[in-house]
Amino acid sequence: MANEQNGIDLGVGAGIPPVRFHVDWERDAHALRPTAPTPTGVVYVTKPSMPPLWEFDELLADIWRRGHITNGGHYHKQLEQRLAEYLGTPHLSLFTNGTLPILVALQMLRIRGEVITTPYSFPATAHSLVWNGLTPVFVDVDRRGNLDPARIERAITDKTRAILAVHVYGTPCDTAAIQEIADLYGLKVIYDAAHAFGVERDGESVLNAGDLATLSFHATKVYNTVEGGALICRSRAEKERVDYLKNFGFAGETKIIMPGINGKMDELRAAYGLLNLKRVDDDIARRAAVAKRYREGLADVPGLYSIGEAPGVKANHSYFPIFVDARAFGTSRDALHEKLRDCNIFTRRYFYPLISAFSPYKNLPSAAPENLPNATRLSEEVLCLPIYPDLDMSDVDRIIDAIRTAANIL
Ligand SMILES: *Cc1c(COP(=O)(O)O)cnc(C)c1O
């Protein structure tokens, strides 16, 4: 809230003293740019990419002038169009987060029964099945963490209706093999492509694989709208249905086509998203430089593995997972996680525990660790290292040194 001194009151909530600082757009521009290095030497696994505040401020002023703040306004339309162009996915529908489009995709395709899915993902993947009254059937993953097509067929029963796969860390699944199985058994395929923003294989967006694909624009993702997401449809008619579904099912003032939900992105986030879209190529290039430095700095460390770059794939470097073979490395993954934490380097164990190990799932027959040996091993070995556009190369070097020190090979 503006006060009389042209300041901004950043204090909210009872008991919190208001923080006031004077805003002079010219002079304080740098301080307000969220690119200033973290002064304390603390490095988190990620840091959201944010547009300069003054750019957002201009769009906010325009939104205030228009007085249209949600329900498919000016910025919503623009962002849908620009994202569709940027991603090469003409029929894209925006959502308020990346979980709702998975829920809506399952509703759209009217899936009932069992759905084959991966245990090696963020819980939203399997939760979306349960929220649709579906039974997740976990199938093991390959060495990159993606659903292994060779194991899908064995898990198919007469109740199987669909496959819900994830392009983990943005590495494309073997979409051709998955489609072949789906065609053979008459199954639908949905990709939770939350990690795969902008990823292409042989010049084609991976979002175009399967019957439907979903994206997340959460703050932790390569491209963010604070919270947000999208459902990638295959036709105009399909997108139109999704647009109705994300607005309670309204297909006109007095007509409801289906029991819909509220998943509409508001104008503020859409405007913010437009500004971040201008930066995303640069963000991905900066992530690529960090990934390259890690690869070079860690290549000779025994017992450490990373996921190689797949041929023909335009990667987005959304994560930099390493896998720690404790015996060869000399220290366990968890001990390395703690040693790095002691150096103020905060890594994350994505994905540990497996979804199949969480209480809502662990009693499913397919959740038995013996059924999921690769996923179990990856989840015990994985550590995602910090990677984000503003990560300083000196911090990357410090992280590499800390890992080498832990391995006793400095
Ligand atoms: C982030 C993520 C989601 C959920 O997205 P939200 O935008 O946080 O709802 C779903 N699946 C995967 C694999 C994710 O990483």
Side-chain angles (χ1 to χ4, degrees), residues 44-49 79 83 92-107 115-132 134 136 138-139 141 144-147 162-173 175 189-199 206-207 209-210 212-232 246 261-266 269-270 272-273 276 287 307 315-321 348-356 358 360-361 375 378-379 382 384 387-388:
Y44 295 106
V45 73
T46 193
K47 185 174 169 187
S49 193
L79 183 60
L83 278 171
L92 175 150
S93 182
L94 282 176
F95 276 81
T96 44
N97 61 55
T99 302
L100 278 166
I102 313 176
L103 294 174
V104 169
L106 293 160
Q107 288 286 319
V115 176
I116 286 172
T117 193
T118 172
Y120 196 70
S121 181
F122 186 68
T125 312
H127 287 355
S128 301
L129 297 173
V130 176
W131 273 64
N132 272 278
L134 302 167
F138 296 111
V139 164
V141 298
R144 294 162 176 261
N146 283 336
L147 206 52
I163 299 166
L164 174 58
V166 180
H167 302 295
V168 178
Y169 310 129
T171 310
C173 289
T175 54
V189 182
I190 299 169
Y191 286 100
D192 172 350
H195 300 179
F197 185 91
V199 174
V206 296
L207 301 173
L212 290 167
T214 68
L215 284 170
S216 165
F217 307 145
H218 183 258
T220 54
K221 307 297 204 267
V222 163
Y223 167 75
N224 83 83
T225 60
V226 185
E227 293 266 0
L231 182 50
I232 315 298
K246 76 176 178 195
I261 199 156
N262 184 1
K264 306 182 301 293
M265 183 184 279
D266 62 78
R269 289 197 180 90
Y272 173 104
N276 258 357
R287 286 172 172 273
I307 297 175
N316 66 5
H317 307 283
S318 45
Y319 299 87
F320 196 88
R348 294 299 293 267
R349 289 165 287 186
Y350 297 139
F351 292 102
Y352 169 82
L354 293 176
I355 302 176
S356 48
F358 289 121
Y361 303 102
L378 292 182
S379 84
V382 72
C384 284
I387 188 166
Y388 49 88

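We count ligands from 1, going down the list as the structure has it; atoms in each ligand are counted the same way.
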Checklist line | Check: R287 side chain, H317 main-chain N or O, donor-acceptor pair, under 3.5 Å | finding: yes
Notebook entry, point to check: Would a 4.5 Å heavy-atom cut-off, applied to side chains only, mark L215 and I232 as touching?
Noted result: yes
List the atom pairs, with distances to 0.1 Å, where a side-chain N or O of residues 97-107 and a protein N or O form a donor-acceptor pair under 3.5 Å, not counting sequence neighbours.
residue	atom	partner	partner atom	Å
N97	OD1	T99	N	2.9
N97	OD1	L100	N	2.9
Q107	NE2	N132	OD1	2.6

Tabulate distances under 3.5 Å between N/O atoms of ligand 1 and N/O atoms of the protein, writing both atom names on each line.
residue	atom	partner	partner atom	Å
ligand 1	5 (O)	S216	OG	3.2
ligand 1	7 (O)	G98	N	2.7
ligand 1	7 (O)	S216	OG	2.7
ligand 1	9 (O)	G98	N	3.2
ligand 1	9 (O)	T99	N	3.1
ligand 1	9 (O)	T99	OG1	2.6
ligand 1	11 (N)	D192	OD1	3.3
ligand 1	11 (N)	D192	OD2	2.7
ligand 1	15 (O)	H195	NE2	2.8
ligand 1	15 (O)	K221	NZ	3.2

Checklist line | Ring centres under 6.0 angstrom apart (F122, H127) | finding: no
Item checked: Partner residues of K221 under the salt bridge (Lys or Arg N to Asp or Glu O under 4.0 Å) criterion, sequence neighbours left out -> none
Margin query: Listing request: all side-chain hydrogen bond (donor to acceptor under 3.5 Å, both in side chains) pairs with a residue in residues 190-199, at least two apart in sequence or in separate chains.
Written below: T125-D192
